[in-house]
Amino acid sequence: MDGPHLLRRAGSPAAAAALLALLPLAFLAVFFVLPLLGMLGRGFVTDGALDLSGVGDVLGRSRTARVLAFTAGISTLATAVTLALGVPTAYVLHRLRVPGAGLLRALVVMPFVMPTVVVGVLWRGLLASSGPLGVLGLDGSWVAILLAMVFFNVAVVVRTVGAAWDGLDPRTAQAAAALGASPGHVLRTVTLPALRPAVVSAASVVFLFCSTAFGVVLTLGGLRYATVETEIYLLTTSLLDLQGAAVLSVLQLVVVVTLLVLSERTRSRARGVRRRSRASVPRVPVARRHLPALVVAAVAVLLVLAPLVGGVIRSLRRGSTWTLANYAQLTSEVPGTGASAWHALGTSWRIAVDAALLALVLGLLVALAVTRRPRSRRGRSWLAALDATFMLPLGVSAVTIGFGFLITLDRPPLDLRSTPLLVPVAQAMVALPLVVRTIAPVLRDVDRRQGEAAATLGAGPLRAWATVELPVLWRPLLAAVGFALAVSLGEFGATAFLARPDEPTLPVLVYTLMGRPGAEAQGGAMAAAVLLAAVTVAVMGLVERLRLSSVGAF
C-alpha cells in the first residue's frame, strides 16, 4: 500500500493514476478487448480482409428489426416503471421515519445480486399455470419479462436516489418552507431538481441492464421474445451466424458507450450538489400526505416478495403434494452432467472466491486511479474516460465475451481454454465495475489533507495509510468482496460457454434442469434456484450490515 502515497508525492495525479491503472488496463486488454475483437473479427473479416457487405443484410432482416424494437421498447418501459416505483420507495426508506426501514432496504436491494437465471425461474414458477398467479395467464408473455426486469432493477434506483437523498443539504428546503412553500412545492422546485442527476444516472443504468438482460429473457421469453443479448446467443450457438452476432454486438457496444457517457456526466453533476453528512439529515415523521409514497413503496416490496415466496412454495410441492423431495434431490447426480446441485454449489463458490479476490485487487487499483484529483481539465477528462472504460464489461454481451474467450485464448502464449482459469477471470470481469463503484465513492470522500498532515509530522507512507485511509476503507473493501461474491455466484452468460460439462456451476445446472420435462426436473430446478438465491441473499445480507450507501449505487 506504499505505492499510492509514493505516487502522490512523486508525480502528478494524472501520472499516478496512469501507473495505478497499468495492471487493470493490461487485464482489460487481454480478457476483454482481445476476446471482443476476436469475436468481431470472425464476423467482419473474410480471408484476411475487412468485409462489411453483410451488415446491411443483417440490419435489413425482419427478425433483427423485431429484436431491436422489442429490446428498445421493453427496456424503455421497464425503466419507466422502475423509476415510478423506485423514486417514491427511496423517499420512504431513506427520508421517512419508517419502522424496519433498514430491513426493508436490505430486502429491496437483494434482487439486484440474485442470479438472473434464478430470477427468471422464480417468476416463471410464480406465473406458470400451476403457480400462485397462474390465473393471470402471464406465463410466456412480455409482461412476465417486464415484471422480472423491474424486480431486478428497482434496487438500482432505490440505492442511487436514496444515497443522493440522504446527502442533500436540508437547509435549502427548510428555507423554502419558511417562506411559505408547501411540501409539494418544495418537492417540485427544490428537492427533485437537486436529485435530477441521480435519477438520470439511475435511469441510464437501469436501461443498460434491461437492454443487456440475458438469463431473465432466455428463461421467460423462450423463442417468442428475444432481446439483442439473447439473439446474439442464438446466432452464436444455434445458427453459427457470427456476422449477425458481430453486427448486434457492435450496436450494443455503441448504446453502452452512450449510456456510460450520460451516466458519467450526470454523476459529475451530482458531485456538485451541495451536500451534508448523512448524520445531519433528520428523518421525517410519517404523515397523511405521505400516503401515496407509502402505497408505492408497499407495491415495490410486494413485487420483491412475491417471486421469492412463490419460489419457496413451488420448491416444496411436487404436483399437488407438499414434499421435501425436491430438496432431497439436490444431493443426487443430475443425469448428463455428472454433478449434483450441492456439488455445483461448491464449484460455484470456489470460482466465486477466486473471481472476487481478483476483482478486488484490480478494482482497488482502478478506484485509487480514478479518484486522483488532477487540477487540469484535461486530467479530469482523462480520469473520467478511464472510469468509463472499466464500466464497459457491464454492458457488452457476456455471450460475446464468453465465445471470444474460446476463439482467442486457444493458442500460446495465452492457451487458456483447457484450464479452469477462464471462468473466474470472466466472472471477475463482470464483478470489476461493481467493485470500483463500491470503493471509489468512499475514496473520493477521504480528506487527503489528513494524510499530508501525517506525512508532515513524520509518519511514513504505510503508517499514514493505516492511520488515515484504512479506518474508512476496510468496510468498503469487505462490502466489495461480498458484492463480487454474490455477482460471481450468479453469473450465467459467459459461464454457460466456459464451464466444463462435468463441472457446471449452479446457475448453469438450474438452466439445464429448467429445460427438461417432468415434475421431477422442474421441482429440482426450483429447489436449486431457491438454494442459490438463499446463498446470494445471505452474502448480501452481510454486506448490508456494513451500511454503505455506495453499495449498489452507480
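Given the structure is predicted, the values throughout are model-derived calculations rather than measurements.
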> Should the ring pair Phe405 and Phe31 be called parallel, tilted or perpendicular, given that the plane angle runs from 0 to 90° and is split at 30 and 60?
Replying inline: tilted

> Counting only N and O atoms by type, is there a donor-acceptor contact under 3.5 Å from the side chain of Arg314 to the main-chain atoms of Gly523?
Replying inline: no

> Got a donor-acceptor contact below 3.5 angstrom from the Asn326 side chain to the Arg317 backbone?
Replying inline: yes

>> I want to check something: taking the side chain as every heavy atom from C-beta on, are Ile439 and Leu360 in contact at a cut-off of under 4.5 Å?
In response: yes

>> Can you confirm whether Tyr511 sits close enough to Val121 that some side-chain heavy atom of one is under 4.5 Å from a side-chain heavy atom of the other?
In response: no

>> Looking at Leu532, is its backbone amide N or carbonyl O close enough to the side chain of Thr536 to form a donor-acceptor pair, meaning the two atoms are under 3.5 Å apart?
In response: yes

> So, Thr236 side chain and Tyr233 main chain: donor-acceptor pair closer than 3.5 Å or not?
Replying inline: no

> Got a donor-acceptor contact below 3.5 angstrom from the Thr219 side chain to the Val216 backbone?
Replying inline: no

> Leu83 and Val206: side chain to side chain contact (heavy atoms under 4.5 Å, CB included), yes or no, with the steps?
Replying inline: CA-CA 9 Å; Leu83 288 175; Val206 171; 5.9 Å; no

> Hey, mind stepping through Leu147 and Leu303 against side chain to side chain contact (heavy atoms under 4.5 Å, CB included) and telling me if it holds?
Replying inline: CA-CA 8 Å; Leu147 290 172; Leu303 181 73; 4.1 Å; yes

> Quick one: are Leu77 and Leu146 in side-chain contact, heavy atoms under 4.5 Å?
Replying inline: yes

> Do Met149 and Val217 touch side chain to side chain, with heavy atoms closer than 4.5 Å?
Replying inline: yes

> For the side chain of Thr230 and the backbone of Thr227, is there at least one donor-acceptor N/O pair under 3.5 Å apart?
Replying inline: yes

> Hey, does Met429 have a side-chain heavy atom less than 4.5 Å from the side chain of Leu28?
Replying inline: yes

> To the nearest 0.5 Å, what is the distance between CG (Leu104) and OG1 (Thr89)?
Replying inline: 10.0 Å

> Thr495 pairs by side chain to side chain contact (heavy atoms under 4.5 Å, CB included) with which of Val508, Ile351, Leu506, Val430?
Replying inline: Val508

> Can Glu231 and Arg66 be said to form a side chain to side chain contact (heavy atoms under 4.5 Å, CB included), step by step?
Replying inline: CA-CA 11 Å; Glu231 187 70 4; Arg66 290 196 303 271; over 6 Å; no

> Shortest non-hydrogen contact from Thr71 to Val228?
Replying inline: OG1-N, 3.0 Å

>> Please identify which of these residues, Gln522, Met526, Gln329, meets the side chain to side chain contact (heavy atoms under 4.5 Å, CB included) condition with Arg318.
In response: Gln329

> Taking the side chain from Asp241 and the backbone from Gly244, do they hold a donor-acceptor pair closer than 3.5 Å?
Replying inline: yes

> For the residue pair Leu489 and Pro507, what are the closest heavy atoms and their distance?
Replying inline: O-CG, 3.2 Å

> Would you say the side chain of Val154 lies within less than 4.5 Å of the side chain of Arg159, judging by non-hydrogen atoms?
Replying inline: no

>> With rounding to the nearest 0.5 angstrom, report the CG to CZ distance, Leu432 to Phe27.
In response: 7.0 Å

> Hey, are the side chains of Thr408 and Met39 touching, using non-hydrogen atoms and a 4.5 Å cut-off?
Replying inline: no

>> If you define the side chain from C-beta out and look only at heavy atoms, does anything of Arg516 sit under 4.5 Å from Val334?
In response: yes

>> Val247 vs Phe44, test: side chain to side chain contact (heavy atoms under 4.5 Å, CB included). Steps then yes/no.
In response: CA-CA 8 Å; Val247 171; Phe44 291 131; 3.6 Å; yes

>> Using modelled atom types and a 3.5 Å cut-off, is there a donor and acceptor pairing between side-chain atoms of Ser211 and backbone atoms of Leu208?
In response: yes

>> The criterion is salt bridge (Lys or Arg N to Asp or Glu O under 4.0 Å); which residues satisfy it with Asp354, sequence neighbours excluded?
In response: none

> When you look at Thr347 and Glu503, which way does the side-chain hydrogen bond (donor to acceptor under 3.5 Å, both in side chains) test go after all the steps?
Replying inline: CA-CA 7 Å; Thr347 301; Glu503 289 287 337; 3.0 Å; yes

> So which heavy atom on Leu122 is nearest to which on Gly311, and how close?
Replying inline: CD2-CA, 3.7 Å

> Do you know the tightest heavy-atom contact between Ala525 and Leu513?
Replying inline: CB-CB, 3.6 Å

